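Just so you know, ligand 1 is whichever comes first in the structure, and atom 1 is the first atom listed for that ligand. None of the values given here were measured: they were computed from a predicted structure. Residues: numbered from 1 along the sequence shown.
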Amino acid sequence: MILLADDEPAFQRLTAGWLRAQGHEVTTVGDGDAARAAFARHRPDVVLLDLAMPPHHDPQAGIALISAFAPAPVVVMTGHADQALAMQAIEAGAWDFLAKPVDPDLLKVVVARAVERARLAQELAALRARDETSEDMGLIGQSPPMVALRALIRRVAPTNMPVMVLGPSGTGKELVARAIHAASTRAKGPLVPVHCGAVPADLLESELFGHLKGSFTGAHADRAGLVEVAHGGTLFLDEIGEMPPAMQVKLLRFLADGTYQPVGAREMRQADVRIIAATHRDLTAAVADGSFREDLYYRLKGLVLSTPRLDERGADKALLAQIFLRRAAPAARFAPEALEWIAQRAWPGNVRELRAAVECAAALAQGAAISVEDLVFATGETAPVTLTPANLTLEDEVVALERRRIVEALERTGHNHTHTARDLGLSRVGLLKKMDRMGLR
Ligand SMILES: Nc1ncnc2c1ncn2[C@@H]1O[C@H](COP(=O)(O)OP(=O)(O)OP(=O)(O)O)[C@@H](O)[C@H]1O
Ligand SMILES: [Mg+2]
């Protein structure tokens, strides 16, 4: 809903009519006190505020009123194009301004932006409130796939079954493994991660299962393997797709009965370890080309959890960004356009990329708020070619709008100037002048 505060009845009626025609609900009031009261009662999303209203018709009183409407965006209207007053209003927290007489097209654009901004702010506040009250298991996100993922984690955690976590790089597979461990009966035991791709193939066996002194060159003493270290807890086999085939057989055996043989030992040993494996690779392809054992694949395939791409998580992008920013720089905040930009970007590097970009932008940001430019720089992207509210001045935006409407009307009428002018409510000469200015002739 929009609260329109203006003391001129004719202006009030006209403007309210335009806004209602755009599908907005509108409440009108004629002075500052009534505006406060209406705001408290209706909690409008956006406030359109005339700065000079009764009893004193003093714009400074109007400016003092702006902060009373927080957090709703306030669009101030000034009786004459008073640039200094408008800037003062913006400094006092106004979201935007309109000069009277108000152009209906401009009103439409400015109000639409303000409404969008209010919607985004409300959505974030709701998400943040939910995030802080819900058991998020260290996995931030309220989008349906993340809610479903947490529900699955809760279900698989108490079983002692091996779990496979699949998903693209940077989507939180390691966090999922940690969440499973933390929600399991083994939570008090250790969680031991092994990066199968980072350990040289010939050392992986001794790393996992340990070795006896003298079992190979360089084995100067007995050494416990990571399965022993993980006894009573969880072993996280990250990038299991990189595990060499010879090791896969031994792992399969360990999965079957919990027994293993340290390198150089004769007897088998036992360890009570739960296995969680992860990979960003397509294991079915690895099975098909023979680099991953089919039997091990089926043993692990029992419980598969998939982490979704960040681009599938809707409003989680903005939520994650807010939380990463709060952790990195508690006093910093995003410009509203920056949050919109984050929400619209695809983030091929997923959560890891988003986190790095937010942390980098927080370190680089010059102003009070992190801007789109800061983020563009932090992601190493070239500047966006499309014009966004952030890099458009109000005047640019009006010109762009005018130009678009004229081009559309010209196309519709087959470039008939008379019809175009009529459709746009302009005189023919007025249209031609505008077209000249825009280089459309
Ligand atoms: N839902 C989430 N909430 C909070 N932080 C997250 C979330 N998902 C991922 N992260 C963060 O993103 C980064 C990458 O996560 P993680 O290392 O778990 O990804 P991964 O899927 O294991 O990636 P890779 O395949 O490259 O190893 C980490 O800094 C992690 O803390
Ligand atoms: Mg990982």
Discussion item. Heavy-atom count check: over 12 atoms from other residues, nucleotides or ligands less than 6.0 Å from Gln60 CD?
Written reply: yes

Worksheet, complete the sentence: Closest to atom 4 (C) of ligand 1 among protein heavy atoms sits Ile140 CD1, 3.5 Å

Discussion item. Any side-chain to backbone donor/acceptor pair from Asn350 onto Arg352? Under 3.5 Å, distance only.
Written reply: no

Item to complete: Considering heavy atoms of the protein only, find what lies nearest to atom 16 (P) of ligand 1 and give residue, atom and distance to 0.1 Å.
Response: Gly172 CA, 3.7 Å

Worksheet, complete the sentence: Contact region, Phe236 to ligand 1, non-hydrogen atoms below 4.0 Å, reads neither

Worksheet item: What is the closest protein heavy atom to atom 27 (O) of ligand 1, and at what distance does it sit?
Response: Arg352 NH2, 3.7 Å

Discussion item. Just to confirm my output: which protein heavy-atom neighbour is closest to atom 6 (C) of ligand 1, and how far is it?
Written reply: Leu175 CD1, 3.2 Å

Fill in: atom 22 (O) of ligand 1 - nearest protein heavy atom and its distance
Glu174 N, 3.3 Å

Item to complete: Among all protein heavy atoms, pick out the one at the shortest distance from atom 31 (O) of ligand 1; state its residue, atom name and that distance to 0.1 Å.
Response: Arg355 NH1, 3.3 Å

Item to complete: Would you tell me which option among Glu239, Lys173, His280 has the nearest heavy-atom contact to atom 25 (O) of ligand 1?
Response: Lys173

Practice prompt. State whether a side-chain donor-acceptor pair under 3.5 Å links Ser143 with Asp316.
Written response: yes

Worksheet item: How far is atom 23 (O) of ligand 1 from its nearest protein heavy atom, and which residue and atom is that?
Response: Gly170 N, 2.8 Å

